There are 2 protein chains.
Amino acid sequence: MDESPGLRERKKAATRLALHDAALRLAIDQGLDRVTIEAIADAANVSRRTFSNYFSSKEEAIFHGDTMRLRRMLELIREQPTDEQPWTVLTRAALRLTEESYLDADTEWLTHRRQLRGHPGLAAHQVAAYATVEREVAAELARRLDGDDAALRSRVLAATFLATVRVAVQGWIEHPEQPLLDAVRAALAAAAPAPTRPADLAADPTP
Amino acid sequence: MDESPGLRERKKAATRLALHDAALRLAIDQGLDRVTIEAIADAANVSRRTFSNYFSSKEEAIFHGDTMRLRRMLELIREQPTDEQPWTVLTRAALRLTEESYLDADTEWLTHRRQLRGHPGLAAHQVAAYATVEREVAAELARRLDGDDAALRSRVLAATFLATVRVAVQGWIEHPEQPLLDAVRAALAAAAPAPTRPADLAADPTP
DNA sequence: ACAAATCTTGCCCAACAGGCAAGTTTGCAC
DNA sequence: GTGCAAACTTGCCTGTTGGGCAAGATTTGT
């Protein structure tokens with residue numbers, strides 16, 4: 001396993017998390033654009049300049065939680081056996097992540113997220129967070145595929161998979177009556193690609 | 001058809017395009033972050049303040065072309081017959097768009113795009129452009145689906161479709177030896193969802 | 001032709017990104 | 001433990017940016 005990360009790294013993670021929490025909390029009860037970076041830094045007991053050393057914008061700080069979860073999902077994908085169907089691998093990783101990271105999501109967190117949603121331009125930064133890991137997921141998938149179109153297929157799989165997870169989570173945030181686990185399962189089932197069948201109906205672009 | 005848009009609208013479209021072109025050109029041969037909004041506005045013969053009336057950032061100006069093409073694709077989707085399989089509809093719209101909007105892409109434009117790629121944070125704004133139309137595509141699909149999970153499925157379809165098109169275009173920009181039309185066709189075929197089959201292998205999360 | 005709606009521009013200011021250098025903290029070898 | 005190197009924090013500073021506001025120009029509908 002990896003060694004204990006050392007004091008320095010732990011402190012960095014702590015301030016990063018403190019900034020994230022402060023940003024989230026302040027944005028929730030004042031509205032994102034009425035919160036200055038300085039206020040966030042103050043709430044986390046660091047200087048404004050230090051905030052910039054960690055995040056390049058308020059939005060990045062806000063979505064740091066998502067970023068961490070997505071990194072975790074990448075780990076979970078890497079842990080999966082390499083002799084499985086790619087979509088099965090991805091589905092299991094997503095469900096695992098949901099179990100270990102989202103089930104403890106309290107109602108409070110949900111209402112928070114629902115208040116954040118709606119702010120224009122925030123969704124853009126969320127998809128950006130997903131796009132960041134997309135390359136890495138694709139790289140991991142490429143290691144598991146072969147065939148001449150492996151490069152394309154791995155990138156398509158990574159992109160569609162992450163897009164689907166995003167849709168499932170976003171949908172659940174707005175309609176939390178159904179458990180997230182079921183939402184993720186249903187979404188991934190709906191998006192499961194058909195087993196590779198070279199020329200099918202999509203190959204006819206006429207009318 | 002719709003009336004001629006009127007002088008005012010035509011002028012607005014013209015300046016918007018001028019700003020877009022200027023932004024693209026300047027960003028290409030100076031590097032995006034060495035170009036100020038003021039320089040772009042100057043090159044388009046408007047004031048810096050007017051730039052802000054049209055775009056809220058350099059990046060938005062840069063991707064205005066993509067935005068226009070995506071809007072056009074939405075139109076193409078709406079024009080498709082309503083009694084077709086959703087993925088067929090989307091595939092045809094994407095191929096049509098490719099034919100009418102990308103085939104005239106000269107080598108110059110390609111090298112330009114390839115130089116822009118690589119700049120960190122630009123990819124984020126590109127996915128944001130795609131995310132903007134995602135809701136509208138989902139809405140159009142929802143009109144064509146029924147069943148209790150139509151809402152979820154339309155959002156999943158829209159998200160995976162746009163993600164796939166994005167991957168195809170990005171891949172083509174870096175490896176233009178294969179025609180874009182083929183890249184799009186191949187990517188969409190690889191991502192085509194399996195015909196709805198409620199409980200399949202994905203329903204078993206145990207390792 | 002005239003009034004209403006809309007666009008452009010200049011002016012302004014608070015917020016922001018990020019380079020730089022001095023001071024502080026942590027890691028590591030001895 | 002002592003000491004040195006690497007890494008981190010902070011304050012300071014400058015150029016850039018977003019967007020409110022109001023005066024003047026342009027387009028539109030009648």
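Because the structure is predicted, anything quoted here is derived from the model rather than measured.
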B:Arg113 and B:Asp66: salt bridge (charged side-chain N to carboxylate O under 4.0 Å, His left out), yes or no, with the steps? CA-CA 12 Å; B:Arg113 286 301 289 254; B:Asp66 296 53; 3.1 Å; yes

Flag side-chain contact, heavy atom, 4.5 Å: A:Tyr54 against A:His64: no

I'd like to know if A:Glu140 pairs up with A:Arg78 as an ion pair, taking the criterion as any Lys NZ or Arg NE/NH1/NH2 lying under 4.0 Å from an Asp or Glu carboxylate oxygen. yes

Is the phosphate of D:dT9 approached by A:Ser47 (side-chain N or O, under 4.0 Å from OP1 or OP2)? no

Without swapping roles, check the side chain of A:Arg144 against the backbone of A:Pro81 for a donor-acceptor pair under 3.5 Å. yes

Steps toward salt bridge (charged side-chain N to carboxylate O under 4.0 Å, His left out) verdict (B:Arg72, B:Glu75): CA-CA 5 Å; B:Arg72 173 66 184 138; B:Glu75 268 183 43; 2.6 Å; yes

Count the heavy atoms belonging to other residues, nucleotides or ligands that lie under 6.0 Å from CZ of A:Arg135, then report whether that count exceeds 12. no

Would you check if there is a donor-acceptor pair between the side chains of A:Glu84 and A:Thr88 at a distance under 3.5 Å? no

With the sugar-phosphate defined as primed atoms, P, OP1 and OP2, and the base as all remaining atoms, what B/S/- string results for nucleotides 16-23 of chain D, 5' to 3', for protein heavy atoms under 4.0 Å? SSBBBB--

Would you find more than 12 non-hydrogen atoms of other residues, nucleotides or ligands less than 6.0 Å from B:Arg71 atom CZ? no

Looking at DNA chain C, which of residues 12-23 of chain A put a heavy atom within less than 4.0 Å of it? none

Could you give the start and end, 5' to 3', of the contact zone on DNA chain C for chain B, using atoms under 4.0 Å from its heavy atoms? C:dA5 to C:dC12

Electrostatic pair B:Arg166-A:Glu134, nearest N-O below 4.0 angstrom: yes

Is any side-chain heavy atom of B:Leu145 closer than 4.5 Å to a side-chain heavy atom of B:Leu157? yes

